[in-house]
Engineer: 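This structure is in structure tokens; I'll ask about it shortly.
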Amino acid sequence: MVARMKLATWNVNSIKARHERLLAFLARERPDVVCLQETKVLDEGFPHLELRGAGYYAVHLGQRAYNGVAILSKQEPKDVFYGMKDDGADEHARLIGARIGDVSVISAYFPNGGDMGSDKYAYKLGWMERLRAELDARFSPNDALALCGDFNVAPFADDVSLKDFEGSVLANPEVRAALERIRAFGLVDVVRPFHPRGGVYTWWDYRAMGFERNHGLRIDHVYATSTVADRVIGAVVDRGERQGKGASDHAPLIVEIDD
DNA sequence: ATGGTAGACGCTCTA
């Protein structure tokens with residue numbers, strides 16, 4: 001049994017730069033769980049006390065200047081894990097997991113991949129293979145699990161606004177195959193069924209008026225095992241949060257799970 | 001093939 005839950009995932013592109021917007025988002029939406037990516041701070045710079053004041057527990061895996069992932073929740077998080085079991089000593093802060101009530105939640109920040117053929121792209125592909133192994137090591141497809149975050153992969157052609165993005169590190173057959181291997185653990189994209197015709201994006205480039213021209217990609221996702229996925233009753237992108245001065249380049253993705 | 005902007009950092013890297 002899975003309790004009713006409003007679950008959000010948002011790449012904030014610096015929790016310091018997004019402080020006021022994050023608090024306003026929590027006050028407005030009152031989500032039960034929020035997965036954050038790109039906090040870009042060590043844990044001592046993470047606003048634990050202010051979030052607690054807003055009614056949220058937080059677990060955070062931080063890093064100076066880059067990456068950083070967190071899970072905020074109204075209920076106290078249990079069974080927290082930080083990073084992957086085979087992480088190296090200087091591994092990027094890209095994965096955190098916790099159990100919130102009866103649902104295990106992972107906040108993931110997949111590597112962007114830089115340019116095709118680069119070392120960063122090779123790291124991205126390797127990281128995605130390691131994530132599949134991590135899921136196998138920690139979970140069963142029969143568990144109630146939600147894998148949320150910035151996947152840096154647009155799964156389908158209609159998740160891409162401009163042909164220019166096709167063939168990039170974010171949208172090509174190789175990364176889509178790597179994503180399919182993660183999905184094949186026993187996950188489903190719970191957002192796609194609510195937007196079957198595509199064209200619903202979660203990220204727009206800051207440059208060249210990307211948002212104003214709606215030159216976006218759907219690269220933020222919630223993938224879930226059937227226990228959770230069968231109970232999803234809605235999924236929306238909070239495009240309003242991408243508008244105006246001081247916005248992240250990603251909009252929050254919000255999923256409603258019924259009981 | 002390059003540039004456009006934003007964020008953190010410290011005259012550059014990442015996205």
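Chain letters run A, B, ... following the sequence lines, proteins first and then strands; every chain starts at 1. All values below come from the heavy atoms of this structure, side chains included, with hydrogens, waters and symmetry mates left out.
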Engineer: With the sugar-phosphate defined as primed atoms, P, OP1 and OP2, and the base as all remaining atoms, what B/S/- string results for nucleotides 9-15 of chain B, 5' to 3', for protein heavy atoms under 4.0 Å?
Structural biologist: SS--BSB
Engineer: Could you tell me how far apart A:L42 (CG) and B:dA8 (C1') are, to the nearest whole angstrom?
Structural biologist: 12 Å
Engineer: Applying a 4.0 Å non-hydrogen cut-off, can you work out what A:R18 is touching in the nucleic acid: base, sugar-phosphate, or nothing?
Structural biologist: sugar-phosphate
Engineer: Counting the benzene-type ring for Trp, do A:Y109 and A:F151 have ring centres under 6.0 Å apart?
Structural biologist: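 A:Y109 vs A:F151: aromatic centres not under 6.0 Å.
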Engineer: Could you tell me whether A:R52 sits above the aromatic face of A:Y57, with NZ or CZ closer than 6.0 angstrom to the six-membered ring centre and within 45 degrees of the axis?
Structural biologist: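 Here A:R52 passes the 6.0 Å and 45° test against A:Y57.
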Engineer: Whole angstroms only, please: what is the CZ-P distance between A:R242 and B:dT5?
Structural biologist: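 So the CZ-P distance, A:R242 to B:dT5, works out to 13 Å.
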Engineer: Centre of A:F110's six-membered ring, under 6.0 Å away, within 45 degrees of the axis: is that where NZ or CZ of A:R94 sits?
Structural biologist: no
Engineer: Can you check the distance between B:dT14 and B:dC9, where both ends of the measurement are the C1' atom (answer in whole Å)?
Structural biologist: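 Looking at atom C1' only, B:dT14 and B:dC9 are 12 Å apart.
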Engineer: Round to the nearest Å and state the distance from A:R213 atom CZ to B:dG4 atom P.
Structural biologist: 13 Å
Engineer: Could you tell me whether A:L49 atom CG has more than 12 heavy atoms of other residues or ligands within 6.0 Å of it?
Structural biologist: no
Engineer: In whole Å, measure the gap between the P atoms of B:dG7 and B:dA1 for me.
Structural biologist: 30 Å
Engineer: In whole Å, measure the gap between the P atoms of B:dG3 and B:dT12 for me.
Structural biologist: 16 Å
Engineer: Only counting residues at least two apart or in another chain, list the ones meeting ring pair (Phe, Tyr, Trp, His ring centres under 6.0 Å) with A:F185.
Structural biologist: none
Engineer: Measure the distance from CZ on A:R21 to P on B:dA6 and round it to the nearest whole Å.
Structural biologist: 12 Å
Engineer: Write down the distance between CZ (A:F211) and C1' (B:dG4), rounded to a whole number of angstrom.
Structural biologist: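 About 18 Å, once rounded to whole Å.
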Engineer: For the hydrophobic clusters of this structure (ILVMFWY residues joined by side-chain heavy atoms under 4.5 Å, transitively), does one cluster hold both A:V105 and A:L61?
Structural biologist: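 Linked, A:V105 and A:L61 end up in one cluster.
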Engineer: Nearest whole angstrom, please: distance from the P of B:dT5 to the CD of A:E212.
Structural biologist: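 Spelled out: CD on A:E212 to P on B:dT5 is 12 Å.
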